Novice: 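This is the structure I have questions about; it appears just below.
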Amino acid sequence: MSEIRELVPEEYTEYMQLTAEAYPGIGIATPEDIGRAVGRLKIKIQDPRMAVYGAFRSAEMVGIMALYDYTMNVHGVPMLAGGVGNIAVHLAHKKEHVAKDLMEFYLDLYRQRKAPMAVLWPFRPNFYRRMGFGLASKVHQYRVAA
């Protein structure tokens, strides 16, 4: 089981290193690229609707994710929706259920905050389907008690 907590600025470089390893297509390859990405993260994280989290085992960062507070308009009623992105697991810790721990933390956090919806853009729909997510069409119908 992982200890999951919000990251402090001193951990942002490690966060970006994990991101670069997990998503090589984003073009973060050199220490200078990581430094620039950390600078961009420090600006983005000033938005109170965003937070970055790390999963730790034996004080080692083994996974990361970014959480977002969205407001969904459901028939004119604004509602909190929890968003998750940038889920990444350290290569040495694949197949150890780190991503599952992160997702469970995310869902529990927004359940505690009474968010009726959790949203994501799945890169692997089969993984998220096991977590209870599904693919949606462009037409959505919601019924909310007033």
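The structure presented is a predicted model; accordingly, all values stated were derived computationally and were not measured.
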Novice: When you compare the side chain of Ile87 with that of Ile64, does any pair of heavy atoms fall below 4.5 Å?
Specialist: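 No - every pair of side-chain heavy atoms lies 4.5 Å or more apart.
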Novice: Using 0.5 Å steps for rounding, measure from the CD atom of Gln17 to the CD1 atom of Ile34.
Specialist: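 Going from CD on Gln17 over to CD1 on Ile34, the span is 4.5 Å.
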Novice: For Val38, does its backbone N or O pair with a side-chain atom of Tyr15 as donor and acceptor, under 3.5 Å?
Specialist: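 Here the side-chain-to-backbone pair does not exist.
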Novice: Glu96: what forms a side chain to side chain donor-acceptor pair (under 3.5 Å) with it, not counting sequence neighbours?
Specialist: Arg57, His93
Novice: May I ask you to check whether Ser58 and Glu60 show a side-chain donor-acceptor distance below 3.5 Å?
Specialist: no
Novice: Taking the side chain as every heavy atom from C-beta outward, state whether Arg113 and Arg111 have any atom pair closer than 4.5 Å.
Specialist: no
Novice: With heavy-atom distances below 4.5 Å as the criterion, would you say the side chains of Met16 and Ile28 are in contact?
Specialist: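 In short, these two side chains touch, coming nearer than 4.5 Å.
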Novice: Would you indicate whether the side-chain heavy atoms of Met65 and Val52 approach each other to under 4.5 Å?
Specialist: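 Val52 does not reach Met65 side chain to side chain.
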Novice: Hey, could you give me the CD/CG distance between Glu6 and Leu109, rounded to the nearest 0.5 Å?
Specialist: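 Output value for this atom pair is 9.5 Å.
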Novice: Around atom NZ of Lys44, are there more than 12 heavy atoms of other residues, nucleotides or ligands at under 6.0 Å?
Specialist: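 No, the 6.0 Å shell around NZ holds no more than 12 heavy atoms from other groups.
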Novice: Restricting to side chain to side chain donor-acceptor pair (under 3.5 Å), what partner residues turn up for Arg49, sequence neighbours left out?
Specialist: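 Result, side chain to side chain donor-acceptor pair (under 3.5 Å) vs Arg49: Asp47.
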Novice: Between Leu102 and Ile4, is any pair of side-chain heavy atoms under 4.5 Å apart?
Specialist: yes
Novice: Establish, from distance only, whether the side-chain atoms of Tyr110 and Asp69 form a donor-acceptor pair under 3.5 Å.
Specialist: yes
Novice: Give me the atom names and distance for the closest heavy-atom approach of Gly82 to Ala115.
Specialist: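 Scanning both residues, the minimum pair turns out to be N-CB, 4.3 Å.
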Novice: Working to the nearest 0.5 Å, report the span between OG1 of Thr13 and CG of Leu18.
Specialist: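 Between atom OG1 of Thr13 and atom CG of Leu18 there are 12.0 Å.
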Novice: Check whether any side-chain heavy atom of Asn73 lies under 4.5 Å from a side-chain heavy atom of Pro78, and answer yes or no.
Specialist: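 Asn73 vs Pro78: side chains apart.
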Novice: In sequence, state the C-alpha distance, the side-chain angles, and the governing distance for Tyr23 and Asn86, and then conclude on side-chain hydrogen bond (donor to acceptor under 3.5 Å, both in side chains).
Specialist: CA-CA 9 Å; Tyr23 302 103; Asn86 198 39; 4.7 Å; no
Novice: Using side-chain contact (heavy atoms from CB on, under 4.5 Å) as the criterion, list what pairs up with Gln46, not counting sequence neighbours.
Specialist: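 Once residues adjacent in sequence are excluded, Gln46 has no partner under the side-chain contact (heavy atoms from CB on, under 4.5 Å) criterion.
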Novice: Kindly compute the distance separating CE (Met72) from CE (Met79), expressed to the nearest 0.5 Å.
Specialist: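 Rounded to the nearest 0.5 Å, the CE-CE separation comes to 10.0 Å.
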Novice: For a side-chain contact (heavy atoms from CB on, under 4.5 Å) check, start with the C-alpha distance between Gln112 and Lys114, then their side-chain angles and the critical distance, and finish with the verdict.
Specialist: CA-CA 5 Å; Gln112 291 169 11; Lys114 308 288 187 218; over 6 Å; no
Novice: List the atom of Tyr106, the atom of Ala118, and the distance in Å for their closest heavy-atom pair.
Specialist: OH-CB, 3.2 Å
Novice: Do Val8 and Tyr53 belong to the same hydrophobic cluster, where Ile, Leu, Val, Met, Phe, Trp and Tyr are linked whenever their side-chain heavy atoms lie under 4.5 Å apart, directly or via other members?
Specialist: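 Val8 and Tyr53: separate clusters.
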Novice: Check ring-ring contact (aromatic ring centres under 6.0 Å, His included) between Tyr12 and all other residues, then give those that pass, not counting sequence neighbours.
Specialist: none
Novice: What heavy-atom pair brings Ala51 and Ile45 nearest, and what distance separates the two atoms?
Specialist: CA-CD1, 3.7 Å
Novice: Can you name the residues that form a side chain to side chain donor-acceptor pair (under 3.5 Å) with Lys100, not counting sequence neighbours?
Specialist: Glu104
Novice: Which residues pass the side chain to side chain donor-acceptor pair (under 3.5 Å) test with Glu21, not counting sequence neighbours?
Specialist: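 Residues passing side chain to side chain donor-acceptor pair (under 3.5 Å) with Glu21: none at all.
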Novice: Can you tell me how far CZ of Phe56 sits from CG of Asp101, rounded to the nearest 0.5 angstrom?
Specialist: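 Here the rounded value is 13.5 Å.
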Novice: Could you grab the distance from atom CG of Leu120 to atom CE of Met103, nearest 0.5 Å is fine?
Specialist: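 These two atoms lie 5.0 Å from each other.
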Novice: Hey, does Tyr68 have a side-chain heavy atom less than 4.5 Å from the side chain of Val84?
Specialist: no
